[in-house]
Amino acid sequence: MLALFLSLVAMFILASAVMVCKASARTSRRSQDVLIQKFTLCRRLLPFMMVGEILFCGLASVALVLSEIIWAMGHVEMNGGGIKLLFGMILAVFAILWMIIKSFFSVRKCFALFKPEDSRVIGVNLPEMQAPELWLWVRSLTSQAQLTPPDNIVVGFFDCFYVTANPVQVEKGERLTGNTLYLPLTYLSLLNEAEIAAVVGHELGHFTGEDTQYSLRFAPLYAGMQNSLQQMAKNMQDAWIDRLVLYSALDMAMWFLQTFHETVNHWSRIRELAADETGARVSSSSAFASALLRISALSEPVERFLEDVLRGRKISNNWTEDLMSALQKLGPLDVLASIDSEIAHPMDSHPTTRARITALNLSLNEELLIQASRAVAPEENLFFPALFAPVASALSCEISQEIEPVRAKIREEIEAEAALATETKAIWSSSSMAWTMMIVGIVLIIGGGYLVLFQHLSAICWLLTLIGLPLGMMGRVALQRSRQPLFTLTPQSITSLYLPQPLPLEYVERYEVVVNSGVAMLHLYVRNGNKLNITTKRFMQVFRYEPQESRVVVVVSSPWCEEEGQKVKLDAVTMSQIVGQYIASAHARAELSK
């Protein structure tokens, strides 16, 4: 009875948390100030609710075990087996109590006052004394649109345009406080002055109104809580005690974040669209739309160029000059290919480029598309050389010198990785499940048929026969499959009788092993998946392709492989390690070939 009462209390706490969080998230759509207030309130209440959930769930489990101990003492003979049973129950009680105590410290650590870390930037700070012309140009934009000027301007290569009101630590440089504007030298060299002015106006628009306070007060709290809960989940053991005591409390906290996440995204989009209007006002709507289209279209080739330079595939002493030379060869840009994507941003989520252009009341007319898709031409951009050419050249040389020893180390690591997984390994499916299905199917068919024919029982016996037929057939198919390898890992690809062609391991960008009801499913997230000709059917398919997720799903029942002439069963972790090693080695060999 005590266990039942404590469980009801835990359910009440859970229901209260759901109602409070749901109501707070709904109210938070009134304003950003209300969002900060409600989030802070829920953040203060949630640890107490989590502690209550852990406490009452844990004590309910303890009460249940104690009731079994009391029953056992009265009904089980206290010989060797009985004493062992009693001792095991007592150990279970102490294990649950220890988990409750440990959980309290985890929750306390998770909800400790979060101190946001400084943003780290690889770049150069340009004070007004060092770059007077740049500061004069930025101040003219701020005075023209009545915007708040930045306190710092930092330039670099590895991010897109952004602003932040949080402290910034420049690599091998000073710690900057106040409002910081980050300018990417890559895109500065690929846009014209009007487009750059529009984007800078958009970013400076975030310093106006509530945005600065939002980024200072709320964003660090939200990010810190996300990180803390993820760390708490990561440290949790996949054990029955954790499932019993911790899961419901952790799920409550995760649900709390998910509920507020929708509201956070709501305000993030509103802030972005308001800043878009500011950017259009500083320059023009068409210039801002052209900049958005060009940045979206250029993001992939820019990232590819930087990766090639960092990896040592290309040698460059002036990254912006060589970037422009490389992109000149592309000719006119395909700006429509990436129009439904979001521009990467380290702080916020953006609406898609199409949605942002539509919000500016612009149509994708021929004039705008011609302007945005123009080929990269160094001679059209006189703005960049005048203000940024010397610092771009100096920063390129500095980073190149610093990464030279790192490149050698990376190459050694890649060569070591490439030397692994050079033999073929066959993965088989166990026949035990197939035999079980066949035997159960045959028993249902024979039993149901006997009851119908000789005992004249009701039609429910026909149902047993109808269930047994497909079950037996499925078992027979599974048995046939278990007589040959399900798939074979080679140094280059995955081959199988169930694949129309080998699946190159180089195509696999990431993978995971998921276990459902004892059946392991290997998820391979691939590029060029539509070229593999793998079926999208689900029923009884060993390999299937899911276009929406761009992944190949491999269904494996009780996998095993042969090592040194012995049959070795594979659990999910071991199979994941084997597949991961083959994928990593294939990627390493592809990297070396470049």
Side-chain angles (χ1 to χ4, degrees), residues 109-110 112-132 134-135 138-139 142 148-188 199-200 202-208 211-228 230-231 268 271 275 299 302-303 306-307 309-310 319-320 343-350 387-388 390-407 409-410:
K109 184 179 178 181
C110 176
L113 183 61
F114 175 71
K115 295 180 180 179
E117 295 181 359
D118 294 353
S119 302
R120 303 193 72 84
V121 177
I122 299 175
V124 176
N125 177 39
L126 296 179
E128 191 163 3
M129 187 180 298
Q130 185 177 333
L134 172 62
W135 277 90
V138 171
R139 290 190 189 284
T142 57
T148 303
D151 300 308
N152 316 290
I153 298 178
V154 176
V155 296
F157 287 107
F158 302 111
D159 287 304
C160 200
F161 297 89
Y162 71 88
V163 291
T164 180
N166 295 308
V168 171
Q169 178 63 57
V170 180
E171 286 288 334
K172 296 191 175 181
E174 60 269 55
R175 182 177 185 268
L176 307 175
T177 56
N179 295 338
T180 299
L181 168 66
Y182 178 88
L183 301 176
L185 294 166
T186 48
Y187 295 107
L188 287 173
V199 177
V200 171
H202 162 93
E203 297 299 341
L204 294 177
H206 284 301
F207 288 145
T208 306
D211 276 17
T212 302
Q213 283 305 310
Y214 176 88
S215 62
L216 277 174
R217 293 167 59 194
F218 179 75
L221 271 180
Y222 186 71
M225 188 171 174
Q226 272 185 315
N227 294 336
S228 298
Q230 286 169 1
Q231 194 63 37
S268 178
R271 290 199 318 277
S299 60
V302 166
E303 288 176 10
L306 292 174
E307 184 180 352
V309 171
L310 291 172
W319 293 9
T320 50
I343 294 177
H345 193 282
M347 310 294 175
D348 288 308
S349 66
H350 282 152
L387 297 182
F388 301 103
V391 69
S393 176
L395 187 58
S396 300
C397 291
E398 181 183 339
I399 297 176
S400 295
Q401 290 172 2
E402 289 177 359
I403 63 176
E404 192 59 43
V406 179
R407 283 179 184 153
K409 185 179 179 182
I410 289 174

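- Taking each heavy atom of Pro127 and Trp135 in turn, the nearest pair found is C-NE1, 3.4 Å.
- How far OH of Tyr162 is from CG of Leu183: 10.5 Å, rounded to the nearest 0.5 Å.
- Listed for the Asp159 side chain is no donor-acceptor partner under 3.5 Å among the backbone atoms of Pro184.
- With rounding to the nearest 0.5 angstrom, the CG atom of Asp151 is 7.0 Å from the OG1 atom of Thr180.
- Contact of the Leu134 side chain with the Leu126 side chain is registered, since non-hydrogen atoms from C-beta on lie closer than 4.5 Å.
- Taking every heavy atom of both residues into account, Arg407 and Val309 meet most closely at NH2-O, 2.5 Å.
- Counting all heavy atoms, side chain and backbone alike, Val170 lies closest to Gly123 at CG1-O, 3.3 Å.
- Between the CG atom of Asn152 and the OG1 atom of Thr164 there is a distance of 10.5 Å, given to the nearest 0.5 Å.
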**Request:** Apply side chain to side chain contact (heavy atoms under 4.5 Å, CB included) to Ile399 and Ile122, showing your working.
**Result:** CA-CA 9 Å; Ile399 297 176; Ile122 299 175; 4.0 Å; yes
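- Summarising the geometry, atom NZ belonging to Lys409 is positioned 15.0 Å from atom CD belonging to Glu404; distances are rounded to the nearest 0.5 Å.
- Contact annotation: the side chain of Phe161 approaches that of Leu188 to within less than 4.5 Å [non-hydrogen atoms, C-beta and beyond].
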**Asked** Could you go step by step and tell me if Thr186 and Trp319 meet the side chain to side chain contact (heavy atoms under 4.5 Å, CB included) rule?
**Response** CA-CA 8 Å; Thr186 48; Trp319 293 9; over 6 Å; no
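- A pairwise comparison of heavy atoms in His206 and Val163 identifies CB-CG2, 3.7 Å as the closest pair.
- Residues Thr320 and Phe388 fail the side-chain proximity criterion, which asks for heavy atoms closer than 4.5 Å.
- Phe158 and Tyr182 make their closest contact through N-OH, 3.4 Å (heavy atoms, listed as atom of the first residue, atom of the second, distance).
- Residues Glu128 and Arg139 have side chains in contact (heavy-atom distance under 4.5 Å, counting atoms from C-beta outward).
- Between Val138 and Pro150, the shortest heavy-atom distance links the atoms CG1-CD, 3.9 Å.
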